[in-house]
Each structure stands twice: as structure tokens, then as C-alpha cells.
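Everything on this sheet refers to the single structure shown next.
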Amino acid sequence: MRLFKILYVHLSAWVIFALMSYLDELNDVQREAVIHSDGPTLIVAGPGSGKTRVLTYRIAHLLNKGADPFGILALTFTNKASEAMRARIEKISGNNARSLYMGTFHSVFARILRVEAPKIGYPSNFTIYDAEDSKSLIKTIIKEQGLDDKIYKPNQVYNRISSMKNSLITPQAYAQDGELLTEDQNQRRPATGTLYQIYCDRCFKSGAMDFDDLLLNTHVILEKFPDVLYRYQHKFRYVLIDEFQDTNYLQYEIVRKIADVFQNITVVGDDAQSIYAFRGATIDNILNFEKDFPELKVYKLEQNYRSTQKIVKAANELIHRNKNQIKKEIWTQNDKGEDIKIVRTPSDNEEGRWVADSIQELKFREQYKNNDFAILYRTNAQSRAFEEALRRLNIPYKIYGGMSFYQRKEVKDLLSYMKLTVNHNDEEALKRVINYPARGIGQTTLDKIGIIATNEGKSMWEVLDTIFMTDFSARTKNAIEEFVMMIKSFAAQQLKMTAYDLAAHIGKTTKLIAELYNDKTVEGIARYENIQELLNSIKEFVEDDEVAENISAEDAAGLANDKTLGSFLQTVTLLTGDEKSAENIDSVKMMTIHSAKGLEFPTVYVVGLEENLFPGAQSLYSLEDLEEERRLFYVAITRAESRLFLTYANTRYKFGQLNYCEASRFIQEVPENVVSYHGDLKKPKVHQPQHQPISTFSRIVSPASPKPISQPVQSHPIEPFIPDDANTLQTGMEVLHEKFGEGKVVSIEGSGVNKIASIFFSAYGVKKIMLKFAKVKILSGGN
DNA sequence: GTGGGATCGGTTTTT
DNA sequence: CCGATCCCAC
């Protein structure tokens, strides 16, 4: 018997081993981390240390050892990361990979909530509000409450609500929290708590959850229903988390609860790459992790397989400047490599051209492919100059992030019809489409409906559905009834049609497609194509017929083989970019540094390295913020395998306004590197202060300034006139002068680039002149 | 209720 | 520059 057992163990070990040639690809620490048996595990992994590989192999290893794929919960932060991981696991372990509970926190919990949400009164067909929907709802509430949206900025209110949810502070708790209330008081926003409460109520009534709710409600259910918690604790025998340094309190609390029974929790992270503090991520989670799971086994992956020595050295020196860090040193056996190049260009446009030229040259000289290049920037808005330059050289490129396909107006419109079909109570979807295309249900009507809904405690849809009971005009009632009938007819066909047919049917019946088709402008055609593209993607979604068999209803919910419209909508709202679109075409990649995390490229350009842009102006006031920016820079440079360029521009447009920029402090922090300059440093002729006092302007003015137009001369500063190109510097006053002779500024209204100057000209009397960009427009006065 | 022109204000970063 | 909003004429 005993012999048998030994034999059996040996045999199965041998079989497993045969399947595991992949283990050969790992170094010792990596391998240990992969095969490490049960229990809590922390893998501290520097950039390029094979972190994703370890995580994927660990999962594959579990599967190969016979673990139930439905019992593995693997959480990532981006769809990109989870798809990449799934693909790699599939290669090793085959189809099982499709059954894993693997995805972003949001998508996995959304999937769980489809089943569990009814426990807290949500319908299982709840829709998901993206940030735009949420802000729009907040704005409506602010208006309804008679508050000023200049003081209660929807964006800020949204962020505050979001951070409350992520800290598990309920509206009730908020209302009793002295500290928070004082904060609001100080910011002149005493009603924030009320807004929070109403916002939650409204989402609930609309049967909608925002991004944070997907986490929050999961937590609420696990807390409130011990039986549910018990079920998931026993279901998920293994829990794995990627990019653990980016989890926030709420996310950590959920996984901590779930992993509490088996304690098989593996987290992978690197404090030096924590770049999401702004949405609540905290390094405390790592510290708490050690406390909450004392049995913890720690692995440190410090060998870098990605970059040259020079890059690794630069990264180390840079990150060591941070006070807040867990000391570690990455090292590499790779070649020494080339110098890191620092490049200054005269303007943002020339920065674009320089980078494009450089790519062109390297492609030619080193036989690189487009895929080998990435351009990384701090903000999405920076992509423009590079796009233009690359297009000029016919270099294909792909931009990740920014406005995603699914956030485009026309796409969201059609999606909103679908959302409304699935969940009639979705107020944001309703408001979006009820009068688009125009069907005579205008703002006034909508406002009234809103009021009735609030008064009677109904959703807007319920009011519409019983519109015959109201005293709207016959015309309005007809329009509304027709609309309601239409949506109901869509809903009735949900079960009879595939998601694709239904979507196409909706597009046709609502005349939305026709409306776009008739618009023959360039944008109109693009919009029409986007709708076609959307329909295509639904078709693809429907036809991707990989089916997992013999699974429970619970596991089926939201799985890849759920082809309902609702399932498509969920997938799509949790998608950020258009991840699906051809990864394989050979193109230069452009993205923010945030979305570059986890990726690597032979050649990387980190661009826009200017003070106030990177690090951003808002980050200069606290050490924490500055250090987060530095970690971001660390992430950026460690994406590079062999070539790294750091570029910055001497001048840059911002809202059409030309600004002079200085090199980022981070550039000085990169050691021993060649600096190459391109073009002349433009000595700012106009460098004078952004803020020139009015009196300076008055100097070019005729001597006898006639009197006095009643407006007092204000002491507002006026910005120097904006040249339309770095080369044509000419002040606005010079333009005006040429045109009208001499004059004097008597007052300035407006702000930003939309200044209006009332200027007196001897020949014409007072004129209002708009100083916008390089254009001068006479608005009033004279002839 | 609809559509056009004038006006105003805004840039981190992501699910 | 570009979207949201306000105001005014149909």
C-alpha cells in the first residue's frame, strides 16, 4: 500500500513534470514562486523581472495540477493585462483558461453581481454607468437642488463621492462625520453629503451601478450575507492579484474576506511602480497584507531581463531619490547598452517631427519594425503633434486610451438605446436618446417628467409609461407613447433575436442610422462608419462561440458564452480602449505612461519632459505627489529594452496659448547621459510674464487719451497676444494698431483665451475687441 | 421645440 | 482648440 502510494506520487509528479517544460524557462526564485505550495504569498517584483510570467505560470501550474478553473480568482487592473495573461495561460493549459475567474476587479465583480445583486434590491439586469453617465447624473442633481454648478463642480463632486465609496464611507456615515463636514464647509460645499445620498438613491432607482458600486456592492453583499461570503470563500480556493500596489482599500477588503478561509492568496506588486494613489491606491495594503496573513511567504524578483545596464542604472538612481520606498535594487546581466539621449526641441510640433524622424532613421538603420517603438506621454492631449508628424512620414501608428471608441457620441447613443432596452429604468440612457433623433420631446417636457418622477417616487420611465394620466399636450403624449411602445417592442424581441440582429433593428427603427447616413460631412461619414463598426463588434461578440460546458448558472453569468445584449453591454462599458482592434498590425504605439504599465518596447520615447507637465503643476506642492510623479517616470523609462529617448520642447501650446517651458527636474536626475540638442533654444522674445499689466499696453497709445468711457480701467492683467505659430510673433496690439491707428485699452473682460478688451481708438470710439488666438474680432462700437 | 451664433471654461493619470 | 451652455430668431 505504502509502496503504491510512493509510486503513485512519483508517477504523478513525473507526469506533471513532463507537462511542465515551461518551468525550465524560469530562474530559481521565479520557479519557486511558481510552484510554491498553498498559503499566502507576496511576490515583490521589479520592472522587467518576469512578474507576469510568474503569475501566469503559477496559474497554469495550478491548472495542470488539476485545480478547478472556476475556483481560481485572478484579478488585474486593466483589460489588456488580463487578456494577455489569459492568452498565455491558454497556450500552456488550453481551454481551461477560459473558465477562470480572471479579469479586472470591475469585470469580475460585475459578473458576480449579476447573480447576487438581487439580494440588495438591485435587478440582475442592472446597467453600468461609466464616468460620463455618473457626472451627468450628478449635474442633474446639482441643478435640481438649486445649487450652483460653478461651486459644486460635477467633476469634483464625483471624485469625492468616488473616494468615499472606496473608503467604505456610506452617505449615512458621511452625514455624521465631523471632519468631512468641516472640509465641505471650508470648501463652501456644505451640500456635498446630501448630493452623495441623492446620487446613491438615484442610481439605485435607475437600476444602475457606477464603477465604484461594482466593488462597493460586492463588499456590502459579502458583509451582509454570511452565507454568500461562505460560498465564495469556498468557491475561490485560489486568489491571485496582479499589480497589488495599485489596489485600494475597498478592493483589498473584498479579496481579504474571500481569501480568509483557504488563505491561498498570491499578490504580485512593486511599490516603486505605484502610480494610482489618486484613485485611492495605497501602499498600506502591502503592510496590512503582512499583518493580515502572518504566514506570508515573500519572494523578491530583482533581476531585470528587459533593459540594458544603462537604463537599469538610471532607473535605480532615479527611484532612490524617493523617501517613501521599500529599498531594493534591480540588476541585470544584459549588455551595457547605448546612452540614454536627451533631446530638446524648439516647440511641441518640432518635438513631434524630431521623434518621427528618429523613428524613420532607426527603422532604416537598424531594421526595426514599427512595433518596436513606443511614444509615452503624461497626458492624452499630447498625442496630437506626434500623430501629425508620423502621418506625414507615412508611419502607421496606434493610439491607446484617450477617447475610447465606446465613448464616442454616436456609439454611446446606440448603446444607450440598447441599455434602455435591457433596463428601462436607466435614467441616463433614457435622457440621452429620448429626443435623439428629434421626436418632439424637448428639455421642458423632460424637466417636467423629472419633477413628477421625484414627487411620486417613480423612475422617469414609469412616468413615461403612464403618461396618459398626466396633463401634457396631446402632441407630447403621442410622441411619448410612441417612444415607450418602441422601446417595449425592442425589449420583447430580446429573446427572439441575437444581440446583433436586435442592435441592427434598433438602429434602423429609431432612424439613428438613417440620421447619420444622411450626414455627408467628413465627421458625419466617420460617425456612420463608427456605428457600422459597433455593429460589427457585436456580431463578433455573438459569433465568438467558444462554449464552456457543464457549468452552473452562477458560473455562466457573464461568461464568454453569454451572448445576450446585456452581457455585451457590460463587457463594453468596462472596456477602456478598443483593445480588440488589431494588435497585430505593425505600428508605432502611443499611450500615456499609465496605460504603458506592464508593457515593453525595444525603443521608447518619453516625451514632454517639462516642468509643470511632467511633473504636473498640481504635483509640486506635496512630497507625496511629487514622488508619485517620479514613480511614474520610473515606470516610463523601465519600459525600454535597449533605446531610450527623453525629449522636451522649449515652447508648447496650451489651449491655443503659447507657453515657454523648462526641462523637467527628472531629466537632471538621470545620470551620465548624453544630451543632444536639436534646433536653437528660442530666446523668448515675448517671454515676458504671462501677465502684463494693462498700463504696459497703454504705452503704445495716443497721448491725449480722451475721456472716459464710463467703465473704469480695471487692473486685470492681460496676457501677451498669442501668436498663431512660434515663428510669427506679433502682438495683438500691433495688429490692432496697424488696423485702427492708436488706441488705449480701457477694460478687459473674460478669462483665459477668451478675453475681450474694450479699446479706445481715436478714430472709432470704443470698440470691444476679442483677443482670441491670433484673430482679432470687432464685436461692437465704431463702424 | 429647434437650430445657429456667441460666449465661456478647461488638461492629469483609469476602471 | 473644442465642447457645453446661453440667448435669440424662426
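Because the structure is predicted, anything quoted here is derived from the model rather than measured.
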Legend entry - Integer-rounded Å distance: B/dG10 P and A/K654 NZ: 13 Å
Legend entry - Electrostatic pair A/D246-A/R279, nearest N-O below 4.0 angstrom: no
Inset, instruction - Answer yes or no: is there a donor N or O on one side and an acceptor on the other, between the side chain of A/N248 and the main chain of A/Q251, under 3.5 Å? - result: yes
Legend entry - Any A/S595 side-chain N or O less than 4.0 Å from OP1/OP2 of B/dT14: yes
Inset, instruction - Please confirm whether the backbone N or O of A/I275 pairs with a side-chain atom of A/R631, one donor and one acceptor, at under 3.5 Å? - result: no
Inset, instruction - Looking at every strand, decide which applies to A/Y276 at a 4.0 Å heavy-atom threshold: base, sugar-phosphate, or nothing. - result: sugar-phosphate
Inset, instruction - Please work out whether the ring planes of A/F633 and A/F666 are parallel, tilted or perpendicular, with thresholds of 30° and 60°. - result: parallel
Inset, instruction - Round to the nearest Å and state the distance from A/K150 atom NZ to C/dC6 atom C1'. - result: 10 Å
Legend entry - Among A/T247, A/D242, A/V255, A/V267, the one residue meeting side chain to side chain contact (heavy atoms under 4.5 Å, CB included) with A/L75: A/V255
Legend entry - Separation of atom NZ in A/K153 from atom C1' in C/dA4, rounded to whole Å: 15 Å
Inset, instruction - For A/F77 and B/dT14, say yes or no: do the ring centres fall under 5.5 Å of each other while the ring planes differ by less than 30°? - result: no
Legend entry - Distance, rounded to the nearest Å, where A/K80 contributes NZ and B/dT13 contributes P: 15 Å
Inset, instruction - Give a yes/no verdict on a cation-pi contact between A/K165 and A/F211, requiring under 6.0 Å between NZ or CZ and the six-membered ring centre and an angle within 45° of the axis. - result: no
Inset, instruction - For the pair A/E428 and A/K431, find out whether any cationic side-chain nitrogen is under 4.0 Å from an anionic carboxylate oxygen. - result: yes
Legend entry - Nucleic acid contacts of residues 607-622 of chain A, taken as heavy-atom distances under 4.0 Å to DNA chain B: A/Q618
Legend entry - Donor-acceptor pair between A/N659 and A/R652 side chains, under 3.5 angstrom: no
Inset, instruction - May I ask you to say what A/S107 touches in the nucleic acid, namely base, sugar-phosphate or nothing, with a heavy-atom cut-off under 4.0 Å? - result: nothing
Interface polar pairs with nucleotides 2-5 of chain B, N/O, under 3.5 angstrom:
residue : atom : partner : partner atom : Å
B/dT2   : OP1  : A/G440  : N            : 3.3
B/dT2   : OP2  : A/N435  : ND2          : 3.0

Legend entry - Parallel, tilted or perpendicular, as decided by the 30° and 60° cut-offs, for the rings of A/F77 and A/F105: tilted
Inset, instruction - Find which nucleotide of DNA chain B each of A/I275 and A/T476 is nearest to by heavy atoms, and output the residue with the more 5' nucleotide. - result: A/T476
List, one per line, each side-chain donor-acceptor pair under 3.5 Å for residues 615-623 of chain A, sequence neighbours excluded.
residue : atom : partner : partner atom : Å
A/S619  : OG   : A/G616  : O            : 3.4
A/S619  : OG   : A/E629  : OE2          : 3.4
A/S622  : OG   : A/D625  : N            : 3.1
A/S622  : OG   : A/D625  : OD2          : 3.3

Inset, instruction - For A/T379 and for A/T445, find the nucleotide of DNA chain B with the closest heavy atom, then tell me which residue's nucleotide is more 5'. - result: A/T445
Inset, instruction - Please state how far atom NZ in A/K135 lies from atom P in B/dG10, giving the value in whole angstrom units. - result: 14 Å
Legend entry - Separation of B/dT14 C1' from A/D210 CG (nearest whole Å): 14 Å
Inset, instruction - Could you check whether A/N380 gets within reach of a base, just the sugar-phosphate, or nothing at all, counting any heavy atom under 4.0 Å? - result: sugar-phosphate
Inset, instruction - Please report, rounded to the nearest Å, how far the P atom of B/dT14 is from the CG atom of A/L214. - result: 19 Å
Inset, instruction - Identify whether any heavy atom of A/D213 sits under 4.0 Å from a base atom; if not, whether one sits that close to sugar-phosphate; answer base, sugar-phosphate or nothing. - result: nothing
Inset, instruction - To the nearest Å, give me how far apart CG (A/D149) and P (B/dG10) are. - result: 11 Å
